Amino acid sequence: MNFEIKKVKIFVTIPVEDVERVRDAVCSAGAGVIGDYDYCTSSVKSIGTFRPNEKANPYLGIKNKLEFVEEEKLEFICDVKNVKQVIKKLREVHPYEEPAIDIYPLLDEGDF
């Protein structure tokens, strides 16, 4: 079986207060489209941890101190052709110096 990857799922963790701004940016850039619907996203609240080192310029927290932050993990589908633009917009509005972004290829159910 040969599969052509046409869509990906992108996950990103965001401080709770910034979720709507990031959602608007990625969806305006073409993410979150499923059939005749747009702005299709899902989010789950979580607690993120990180410890900035001496070279970091943290948005939150103190260098060399373990931090715990209430975040949301936002997920959305994106056409492969739009991924670079969507990630660019995401990084422009995301408050973190180094946002955690996961990109997973998706298989189309019609390929089975």
Side-chain angles (χ1 to χ4, degrees):
M1 231 183 248
N2 289 330
F3 297 104
E4 180 184 351
I5 304 301
K6 298 175 188 169
K7 294 185 181 290
V8 298
K9 183 165 277 193
I10 301 174
F11 295 86
V12 61
T13 53
I14 310 162
V16 173
E17 62 271 12
D18 295 296
V19 171
E20 292 309 314
R21 184 171 50 156
V22 173
R23 184 189 331 269
D24 285 342
V26 299
C27 290
S28 294
V33 176
I34 300 175
D36 293 331
Y37 297 83
D38 64 1
Y39 275 73
C40 300
T41 68
S42 181
S43 64
V44 177
K45 292 195 182 205
S46 64
I47 301 296
T49 64
F50 60 92
R51 183 171 57 195
N53 68 24
E54 286 299 322
K55 295 178 185 176
N57 183 23
Y59 166 73
L60 297 169
I62 300 168
K63 292 180 181 185
N64 297 311
K65 181 178 183 273
L66 183 61
E67 301 291 338
F68 295 82
V69 179
E70 185 178 341
E71 296 177 320
E72 283 192 41
K73 186 173 190 179
L74 184 68
E75 66 180 88
F76 47 88
I77 289 176
C78 184
D79 287 341
V80 168
K81 66 182 180 183
N82 295 333
V83 171
K84 284 187 179 182
Q85 181 63 25
V86 167
I87 296 298
K88 179 180 179 218
K89 291 296 183 185
L90 187 158
R91 289 185 181 279
E92 285 176 5
V93 300
H94 199 293
Y96 289 171
E97 183 177 21
E98 297 289 343
I101 302 168
D102 299 337
I103 304 172
Y104 296 97
L106 296 177
L107 300 177
D108 188 314
E109 65 186 83
D111 291 339
F112 293 94

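None of the values given here were measured: they were computed from a predicted structure. Note that these values count all heavy atoms, side chains included, but never hydrogens, waters or copies made by symmetry. The first residue of the sequence shown is numbered 1, and numbering continues consecutively from there.
Cation-pi check for Lys9 over Tyr104 is not met; the charged atom does not lie both under 6.0 angstrom from the ring centroid and within 45 degrees of its normal.
To the nearest 0.5 Å, the span separating CZ on Arg51 from CD on Glu67 amounts to 10.5 Å. A distance of 11.5 Å separates CD1 in Ile47 from OG1 in Thr13, rounded to the nearest 0.5 Å. Taking CD of Glu70 as the reference point, atom CD1 of Ile14 lies at 13.0 Å (rounded to 0.5 Å). With rounding to the nearest 0.5 Å, the separation of CD1 in Ile77 from CG in Asn82 is 13.0 Å. With values rounded to the nearest 0.5 angstrom, Lys89 atom NZ is found 16.0 Å from Lys84 atom NZ. Note: Glu71 CD to Phe50 CZ = 7.5 Å, rounded to the nearest 0.5 Å.
In this structure, the side chain of Lys73 does not engage the main chain of Phe11 through any donor-acceptor pair within 3.5 Å. Between the side chain of Gln85 and the main chain of Ala29, no donor-acceptor pair closer than 3.5 Å is present.
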*asked:* As a quick check of understanding, evaluate side-chain contact (heavy atoms from CB on, under 4.5 Å) for Val33 and Asp79, giving each step before the final call.
replied: CA-CA 8 Å; Val33 176; Asp79 287 341; 5.9 Å; no
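The shortest heavy-atom contact between Tyr59 and Pro15 is CE2-CG, 4.1 Å. Between Pro52 and Ala56 the shortest heavy-atom distance is CB-CB, 3.7 Å. Closest heavy-atom contact between Glu97 and Pro58: OE1-N, 4.0 Å. When all heavy atoms of Cys27 and Gly32 are compared, the closest pair comes out as SG-CA, 4.5 Å.
Under the 4.5 Å side-chain heavy-atom criterion for grouping Ile, Leu, Val, Met, Phe, Trp and Tyr, Phe112 is connected to Ile5 within one hydrophobic cluster. Using a 4.5 Å cut-off between side-chain heavy atoms of Ile, Leu, Val, Met, Phe, Trp and Tyr, with links allowed through other members, Phe76 and Ile101 fall into the same hydrophobic cluster. Residue Val93 is not grouped with residue Leu60 when hydrophobic side chains (ILVMFWY) are merged at heavy-atom distances under 4.5 angstrom, including chains of intermediate members. Under a hydrophobic clustering in which Ile, Leu, Val, Met, Phe, Trp and Tyr are joined whenever their side-chain heavy atoms come within less than 4.5 Å, directly or via other members, Val16 and Leu74 fall into different clusters. Placement of Ile103 and Leu106 in two distinct hydrophobic clusters is found when ILVMFWY residues are connected by side-chain heavy-atom separations under 4.5 Å, directly or transitively.
Exactly one residue among Asp102, Ile87, Val26 makes a side-chain contact (heavy atoms from CB on, under 4.5 Å) with Ile10. That residue is Ile87. The side-chain contact (heavy atoms from CB on, under 4.5 Å) with Glu72 is formed by just one residue from the set Val19, Val22, Val44; it is Val19.
Crowding of Lys63 atom NZ: a count of heavy atoms from other residues, nucleotides or ligands under 6.0 Å exceeding 12.
Annotation: salt bridge (charged side-chain N to carboxylate O under 4.0 Å, His left out) contacts involving residues 11-20, sequence neighbours excluded, comprise Asp18-Arg21, Glu20-Arg23.
The side-chain heavy atoms of Phe3 and Pro105, taken from C-beta on, include no pair separated by under 4.5 Å. Under the 4.5 Å side-chain criterion, counting only non-hydrogen atoms from C-beta, Tyr96 is in contact with Val69.
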